[in-house]
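Below: the structure, in structure tokens.
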Amino acid sequence: MILGDANGKIHYFINNGTNPASFTISQPNYSNIDIGYFASPQIIDVNRDGLLDLLIGEQDGTINYCQNSGSLNSPIFDTVITNFGGIDIESDIISSGYSSPTLFDNNGSYELYSGSFSGVIYKFNNIDNNLTGVFDSISPLLSSEGSKTRIAIKDINNDQKIDCIIGNYSGGLSFFSSDSSLVSTQKFIPINNLNIYPNPAQYEIIIEGNSFGDIDIVNSFGQTIIKSRKKSVRHSININQLTRGIYFMKLGTNSSKFIIK
């Protein structure tokens, strides 16, 4: 197990083989890797050479690629390639994007997902045979699920459709099921009853779901900027007067973040 810390370093833990599993730290400051701040690592064979590599997200929103130049049993990570894929999460909105990469093999083609400071999950493709190039950005996969999110992708219930779990800064977990099989483009369906889109937005947001009542739009300082009342399943709010940044929508016990670009 590899864990990142707030100082940009990663630490290597060994599975003790017990049930339930327990881990013992083996190598603090593993391979002397230091990517800046808030390291968010993933272990995966990025270049498909049979050796496990490292992808590491960080506070500034970029992603680092550490290729394994050693062997399967004696990995060596002596080079950190910064700005992997040309990705810089939410750089047009905030300087601290908090990238958290998850590279996923979808039937032989890599797709890269990343959480963010705002909570939006971003998706990229055009990765295979393009590791030194710029990846293609796809429309955000999911809107905000809390702040500083990270996504894990797996067919959890063995129905040949991928699912995902998203964690966030507050410690919560959200489960999403897929409405399509592994061979097609995934669209994840949230298990709650409220959705906000587009996200990021520019002129208008749509709040859709079976919850009704008073809506507060709050800025990052906790100030209520807009009040509205949702009386139908689909409710729109004009946000044209708001400045660019991160905002919060509150409706009863439901809340969500959205970005104005």
Side-chain angles (χ1 to χ4, degrees), residues 2-4 35 38-48 52-66 81 83-94 96-128 130-131 133-156 161-169 172-191 195 197-200 256-259:
I2 295 284
L3 294 180
I35 53 84
F38 291 92
S40 180
Q42 180 193 13
I43 306 170
I44 188 167
D45 182 5
V46 176
N47 58 359
R48 301 186 186 275
L52 292 176
D53 309 304
L54 289 171
L55 286 182
I56 310 173
E58 61 170 300
Q59 183 181 25
D60 73 0
T62 60
I63 294 174
N64 305 274
Y65 169 39
C66 302
I81 300 173
N83 201 30
F84 182 61
I87 294 171
D88 193 349
I89 298 296
E90 297 182 346
S91 60
D92 58 337
I93 301 167
I94 192 170
S96 300
Y98 285 91
S99 56
S100 56
T102 296
L103 192 62
F104 175 72
D105 188 332
N106 186 7
N107 281 303
S109 295
Y110 271 143
E111 300 169 344
L112 194 148
Y113 301 82
S114 177
S116 64
F117 176 82
S118 69
V120 174
I121 302 296
Y122 294 92
K123 179 181 178 181
F124 303 86
N125 61 12
N126 187 26
I127 298 168
D128 292 282
N130 187 34
L131 297 183
V134 176
F135 303 154
D136 293 339
S137 177
I138 312 301
S139 298
L141 180 70
L142 288 166
S143 60
S144 175
E145 284 300 312
S147 181
K148 301 179 184 177
T149 48
R150 176 144 196 177
I151 182 172
I153 301 175
K154 188 76 174 178
D155 179 13
I156 296 174
K161 298 179 182 180
I162 66 171
D163 310 295
C164 73
I165 291 177
I166 298 176
N168 61 44
Y169 180 66
L173 294 173
S174 300
F175 171 73
F176 295 78
S177 61
S178 176
D179 68 351
S180 59
S181 68
L182 290 171
V183 298
S184 60
T185 301
Q186 297 81 32
K187 178 181 178 184
F188 290 100
I189 308 299
I191 306 301
N195 189 27
Y197 63 90
N199 194 359
S256 186
K257 292 183 181 67
F258 66 94
I259 298 169

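FYI, the numbering just counts along the sequence from 1.
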Could you tell me if [X] sits above the aromatic ring of [Y], with its cationic atom closer than 6.0 Å to the ring centre and no more than 45 degrees from the axis?
{"X": "K154", "Y": "F104", "result": "no"}
{"X": "R48", "Y": "Y110", "result": "yes"}
{"X": "K123", "Y": "Y113", "result": "no"}

Over all heavy atoms of both residues, which pair between [X] and [Y] is shortest? Give the atoms and the distance, please.
{"X": "G57", "Y": "I35", "result": "O-CD1, 3.8 Å"}
{"X": "L52", "Y": "D45", "result": "CD2-N, 3.9 Å"}
{"X": "S100", "Y": "S114", "result": "N-OG, 3.1 Å"}
{"X": "C66", "Y": "D53", "result": "O-CB, 3.5 Å"}
{"X": "A39", "Y": "I56", "result": "CB-CG2, 3.8 Å"}

Check for a donor-acceptor pair, side chain of [X] on one end and backbone N or O of [Y] on the other, with a separation under 3.5 Å.
{"X": "S99", "Y": "I89", "result": "no"}
{"X": "N106", "Y": "S109", "result": "no"}
{"X": "T102", "Y": "A152", "result": "no"}
{"X": "Q42", "Y": "L103", "result": "yes"}

Does some side-chain heavy atom of [Y] sit less than 4.5 Å from a side-chain heavy atom of [X]?
{"X": "L55", "Y": "L112", "answer": "yes"}
{"X": "R150", "Y": "I166", "answer": "no"}
{"X": "N47", "Y": "Y65", "answer": "yes"}
{"X": "I87", "Y": "T62", "answer": "no"}
{"X": "I81", "Y": "N64", "answer": "no"}
{"X": "I63", "Y": "D88", "answer": "no"}

Mind checking the [atom1]-[atom2] spacing from [X] to [Y]? Nearest 0.5 Å is all I need.
{"X": "F38", "Y": "S96", "atom1": "CZ", "atom2": "OG", "value": "9.0 Å"}
{"X": "I121", "Y": "C164", "atom1": "CD1", "atom2": "SG", "value": "7.5 Å"}
{"X": "I151", "Y": "N168", "atom1": "CD1", "atom2": "CG", "value": "13.0 Å"}
{"X": "K148", "Y": "S40", "atom1": "NZ", "atom2": "OG", "value": "12.0 Å"}

E90-Y122 side chain donor-acceptor pair, cut-off 3.5 Å: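 A pair is found: one side chain offers a donor N or O, the other an acceptor, under 3.5 Å apart.
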Donor-acceptor pair between E111 and N125 side chains, under 3.5 angstrom: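 Absent: no donor and acceptor within the cut-off.
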Side chain to side chain contact (heavy atoms under 4.5 Å, CB included) between F175 and D163, intermediate numbers included: CA-CA 8 Å; F175 171 73; D163 310 295; 3.7 Å; yes
Ring geometry between F135 and F84 (parallel below 30°, tilted from 30 to 60°, perpendicular above 60°):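 It falls in the perpendicular class, over 60°.
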